Amino acid sequence: ISPTLDRLDGTSTQIVTEDFRRLQRYYGAYADISLGFKDQVFLGLVGRNDWSSTLPVDANSYFYPGVSLSHILSETVALPSVISYAKWRASWTKVGNEAFPYGTATPYFLGVPFTTATGTVANQSTFSNQLGNPTLKPEFTTEVEGGLEMRFLNDRFGFDITYFKRNSTDQITSRDVPRSTGFVRQVVNAGEIENRGIELGLSLTPIKTSSGFQYDLNVNFTRIRSEVVSVG
């Protein structure tokens, strides 16, 4: 049917079937810097840039950074003797995600050739019922997190509590469109979802003998609340 289309269903006569896998190309450049001061204060910086063939040719590059800071308070400040360890931490991170292959285009699909009663072969093709998006953007998820870790009585008891808030925007999905457009669905960037919650870990060592026997208990609790902030 088409000299440049190297597919079996691109011929007028077939006696076999053919399947194919989706093709995509993906590159990434990543940098990670960790700094420390007197083994007490730690700073982390990360950055990544990706290039994806699943996004528009003139807008297929996207960058996302992150930063984290932590401080071992018990190494800097004289705390009560009952406190054996104290550390606080905070971070902000942004993560990007590419689209699925071929979401920017609206292709034709070749059908089985039709032979008329007179023997004339008519090749068939149909437009996809999903409208592509030539201005498709990558998804992004941004998270803010803060936490506190403390241990008491020579590490016999401790807790680690974390609060986080995660927002996902420009999510890549498909939505229904009026059938009068000639399509059923359209690929879009839509909506924002927010997840926020707490994570709590408790540790206890009720038995610790001089002979080296030790019995530890660990309890974890997690609570997450999700909210659809917008759908448009």
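None of the values given here were measured: they were computed from a predicted structure. When reading the values below, keep in mind they use all heavy atoms of this one structure, side chains included, and skip hydrogens, waters and symmetry mates.
- Put simply, CG on Leu200 and CG on Leu148 are 11.0 Å apart, with the number rounded to the nearest 0.5 Å.
- No side-chain donor from either of Ser128 and Thr106 sits under 3.5 Å from a side-chain acceptor of the other.
- For the atom pair CG of Asp155 and OG1 of Thr205, the computed distance is 8.0 Å after rounding to the nearest 0.5 Å.
- Using a 3.5 Å distance cut-off with no hydrogens or angles, the side chains of Tyr64 and Arg48 do pair a donor with an acceptor.
- A distance of 10.0 Å separates CD of Glu192 from OG1 of Thr141, quoted to the nearest 0.5 Å.
- Minimum heavy-atom separation, Phe183 to Gln130: CD2-C, 4.1 Å.
- Look at Asp176 and Arg185 and you find no salt bridge, because none of the NZ, NE, NH1 or NH2 atoms lies under 4.0 Å from a carboxylate O.
- Side-chain contact check for Ile161 versus Phe159: some heavy-atom pair is nearer than 4.5 Å.
- Using modelled atom types, one finds no donor on one side chain facing an acceptor on the other under 3.5 Å when comparing Asn154 with Ser84.
- Under the 3.5 Å distance criterion, the side-chain polar atoms of Asn189 are matched with a main-chain donor or acceptor of Lys137.
- Inter-residue side-chain proximity for Leu69 and Val41 is flagged as met; some heavy-atom pair is nearer than 4.5 Å.
- The closest donor-acceptor contact from the side chain of Tyr215 to the backbone of Leu204 lies at 3.5 Å or more, if one exists at all.
- In this structure, a donor-acceptor pair under 3.5 Å is present between the side chains of Asp50 and Tyr26.
- Arg25 places no side-chain N or O within 3.5 Å of a backbone atom of Ser53 that could act as its donor or acceptor partner.
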Enumerate donor-acceptor pairs with a distance under 3.5 Å from any side-chain N or O in residues 85-101 to protein atoms, sequence neighbours excluded.
{"residue": "Trp88", "atom": "NE1", "partner": "His71", "partner atom": "ND1", "Å": "3.3"}
{"residue": "Arg89", "atom": "NH1", "partner": "Asp160", "partner atom": "OD1", "Å": "3.4"}
{"residue": "Arg89", "atom": "NH2", "partner": "Asp160", "partner atom": "OD1", "Å": "2.8"}
{"residue": "Arg89", "atom": "NH2", "partner": "Thr162", "partner atom": "OG1", "Å": "2.6"}
{"residue": "Asn97", "atom": "ND2", "partner": "Glu139", "partner atom": "OE1", "Å": "3.1"}
{"residue": "Glu98", "atom": "OE1", "partner": "Gln24", "partner atom": "NE2", "Å": "3.4"}
{"residue": "Glu98", "atom": "OE1", "partner": "Ser52", "partner atom": "OG", "Å": "2.4"}
{"residue": "Glu98", "atom": "OE2", "partner": "Gln24", "partner atom": "NE2", "Å": "3.1"}

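- Contact between Phe140 and Phe63 at its shortest, heavy atoms only, is CE2-O, 3.9 Å.
- The residues Glu227 and Arg196 are annotated as salt-bridged, a charged nitrogen and a carboxylate oxygen being separated by less than 4.0 angstrom.
- The backbone N or O of Gly119 sits nowhere less than 3.5 Å from a side-chain atom of Thr115 that would complete a donor-acceptor pair.
- Applying the 6.0 Å contact sphere to CG of Asn220 captures more than 12 heavy atoms from other residues, nucleotides or ligands.
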